[in-house]
Trainee: 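Supplied in structure tokens, the structure appears directly below.
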Amino acid sequence: MPELPEVETVRRGLVEHVVQRRIDSVELGRERAYRRVGADRLIAGLVGSTVVSVDRRGKYLLFALDSTETLMVHLRMSGQLLVHDATTPRPAHTHVVLNFANQVEVRFVDPRTFGEVVVFGPDDAESVVPELARLGPDPLVDTFDEMVLRRSLVRTRRALKAVLLDQSVIAGIGNIYGDEILHRARLNPLRPANRVNREQTRRLVRAVVDVLNEAVSAGGSTLRDAQYVDPQGRAGSFQERHRVYGRTGQSCVTCDRGRIKSASIGGRTSHWCAVCQR
DNA sequence: ACGCCCGCCTGTAAGC
DNA sequence: TGCTTACAGGCGGGCG
């Protein structure tokens, strides 16, 4: 579910509750949620440590600890991080609870348990979280311009939509924002990446940065199932500004002539206007 | 090397 | 109403 704007909203919602605070204890539920490191390593890495900062790279949340270790959380499809008072009943599928002072709990909740909680240190980062090293630039954190994007586009004839979803090209874009970005850039999701010219590449860079920033400002997108909420349980509002995602069959709100088409591209349902996206 | 497809899980909605 | 099926925001592994 959560893509860059949702993860960034979660990050911002956590900062005031956890930075400069110590993890007094950890409670663990379903093992699959911390399958990568196991209970002993997770507890040893977290208990007694103080959170120094909460950072984000693409869809990965990274809590820097004063021990020099890092807590990584990935929400994947259905994960949530919620800040609750200890007296609030725990939602179903609460798999990891971090207990801070003053009854503050950070709860990792995930019905599908695709998401996970991981701890690693400087010495085992490479072996435990190799995917972090493979991440491409985060458009809101790293240098991301026409030169950077062009280098990735020219080397492949994959569909543009598939390239936008490739986390080694750009970190943070998922299915919803991939569709919205291509619509903003007026580019067809099926267009081979190596057939995008310089002017179109500039448009695409701008669309990536603008759509993601606007979505962050709106607190992300919360769809009908209300799966995504921020750590305080609040929904986002960017879904009200979606122009193609989930609008199959409706007329295009931009050009008013095309109808929104949908089809599977690279195994993901994509939405676009065949009139304004070339 | 690249590109595609499947599996991982559960919940929800749609179809019969 | 109740059962079955399809589908969902992501990602890694394995295959051709």
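Residue numbering restarts at 1 for every chain, and letters A, B, ... go by the order of the sequence lines.
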Trainee: Does a side-chain N or O from A:Arg30 land closer than 4.0 Å to OP1 or OP2 of B:dT10, or not?
Mentor: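 True: A:Arg30 side-chain N/O within range (under 4.0 Å) of B:dT10 OP1/OP2.
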
Trainee: Which comes earlier along DNA chain B counting from the 5' end, the contact point of A:Arg155 or that of A:Gly267, where each point is its nearest nucleotide?
Mentor: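 It is A:Arg155 whose nearest nucleotide is closer to the 5' end.
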
Trainee: Out of curiosity, A:Leu182 CG to A:Ile173 CD1, how far, rounded to the nearest 0.5 Å?
Mentor: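 Reported value, rounded in 0.5 Å steps: 8.5 Å.
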
Trainee: In plain terms, say whether A:Arg203 and A:Glu199 are close enough for a salt bridge, that is, a side-chain N and a carboxylate O under 4.0 Å apart.
Mentor: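 A salt bridge is present here (some side-chain N lies under 4.0 Å from a carboxylate O).
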
Trainee: What nucleotide, of B:dC2, C:dG12, B:dT10, holds the atom closest to the side chain of A:Pro111?
Mentor: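 For the A:Pro111 side chain, the nearest candidate turns out to be B:dT10.
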
Trainee: For residues A:Met72 and A:Tyr60, report the shortest heavy-atom separation together with the two atoms involved.
Mentor: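 Closest heavy-atom pair between A:Met72 and A:Tyr60: SD-CD2, 3.6 Å.
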
Trainee: Checking side-chain polar atoms at under 3.5 Å, does A:Asn175 have a donor or acceptor matched by the opposite partner on A:Lys161?
Mentor: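 Judged by distance alone, the side chains do pair up.
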
Trainee: A:Met77 has an atom CE; how far is it from atom C1' of B:dC9, in whole Å?
Mentor: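 Rounded to whole Å, this separation is 10 Å.
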
Trainee: With a 4.0 Å limit, can you tell me whether A:His74 has a side-chain N or O closer than that to the phosphate oxygens OP1/OP2 of C:dC11?
Mentor: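 Result: yes.
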
Trainee: Taking only the side-chain nitrogens and oxygens of A:Arg158, find out if one of them lies under 4.0 Å from OP1 or OP2 of B:dC2.
Mentor: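 So the side-chain polar atoms of A:Arg158 never come under 4.0 Å of the phosphate oxygens OP1 or OP2 of B:dC2.
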
Trainee: Distance check: side-chain N/O of A:Thr269 vs OP1/OP2 of C:dA8, anything under 4.0 Å?
Mentor: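 Answer yes for this pair, as a side-chain N or O of A:Thr269 is under 4.0 Å from OP1 or OP2.
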
Trainee: Base, sugar-phosphate, or nothing: which does A:Leu223 touch, judged by heavy atoms less than 4.0 Å apart?
Mentor: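 The answer is base, as A:Leu223 lies within the cut-off (heavy atoms under 4.0 Å) of a base atom.
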
Trainee: If you measure from the ring centre of A:Phe114 to the centre of the six-membered ring in the base of B:dC8, is it under 5.5 Å, with the planes under 30° apart?
Mentor: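 It does: the two rings, one from A:Phe114 and one from B:dC8, meet the stacking criterion.
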
Trainee: Taking atom P of B:dC2 as reference, at what distance in whole Å does atom CZ of A:Arg134 sit?
Mentor: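 So the two atoms are 14 Å apart, to the nearest Å.
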
Trainee: What is the distance from CD1 of A:Ile173 to C1' of C:dG10, rounded to the nearest Å?
Mentor: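 To the nearest whole Å, that distance equals 14 Å.
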
Trainee: When you measure from the side-chain N and O atoms of A:His93 to the phosphate of B:dC9, is any distance below 4.0 Å, counting only OP1 and OP2?
Mentor: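 Checking A:His93 against B:dC9: no side-chain N or O falls below 4.0 Å of OP1 or OP2.
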
Trainee: Could you run through DNA chain B and flag its stems, i.e. three or more consecutive Watson-Crick or G-U pairs with both distances under 3.5 Å?
Mentor: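 If one scans DNA chain B for consecutive Watson-Crick or G-U pairs, the stems found are B:2-8 with C:10-16, B:10-16 with C:2-8.
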
Trainee: Give a yes-or-no answer on whether the side chains of A:Gln250 and A:His271 include a donor-acceptor pair shorter than 3.5 Å.
Mentor: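 Result is no, nothing qualifies.
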
Trainee: Which word best sums up how the rings of A:His95 and A:Phe108 line up, parallel for under 30°, tilted for 30 to 60°, or perpendicular for over 60°?
Mentor: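 A:His95 and A:Phe108: tilted rings.
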
Trainee: Should A:Gln227 be listed as having a side-chain N or O under 4.0 Å from OP1 or OP2 of B:dG11?
Mentor: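 No, no such contact exists.
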
Trainee: Rounding to an integer number of Å, can you tell me how far A:Asn194 CG sits from B:dG3 P?
Mentor: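 Roughly 9 Å, once rounded to whole Å.
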
Trainee: A:Arg268 side chain N/O closer than 4.0 Å to the phosphate oxygens (OP1, OP2) of C:dG10?
Mentor: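 Answer yes for this pair, as a side-chain N or O of A:Arg268 is under 4.0 Å from OP1 or OP2.
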
Trainee: Nearest whole angstrom, please: distance from the C1' of C:dG12 to the CG of A:Leu132.
Mentor: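 About 14 Å, once rounded to whole Å.
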
Trainee: Can you check the distance between B:dC9 and C:dC3, where both ends of the measurement are the P atom (answer in whole Å)?
Mentor: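 So the two P atoms sit 25 Å from each other.
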
Trainee: What's A:Arg35 touching, base or sugar-phosphate or nothing? Going by heavy atoms closer than 4.0 Å.
Mentor: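 No contact.
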
Trainee: Hey, are A:Tyr228 and A:Glu3 close enough side-chain-wise for a donor-acceptor pair under 3.5 Å?
Mentor: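 No, because no side-chain N or O of A:Glu3 sits under 3.5 Å from a partner of the opposite role on A:Tyr228.
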
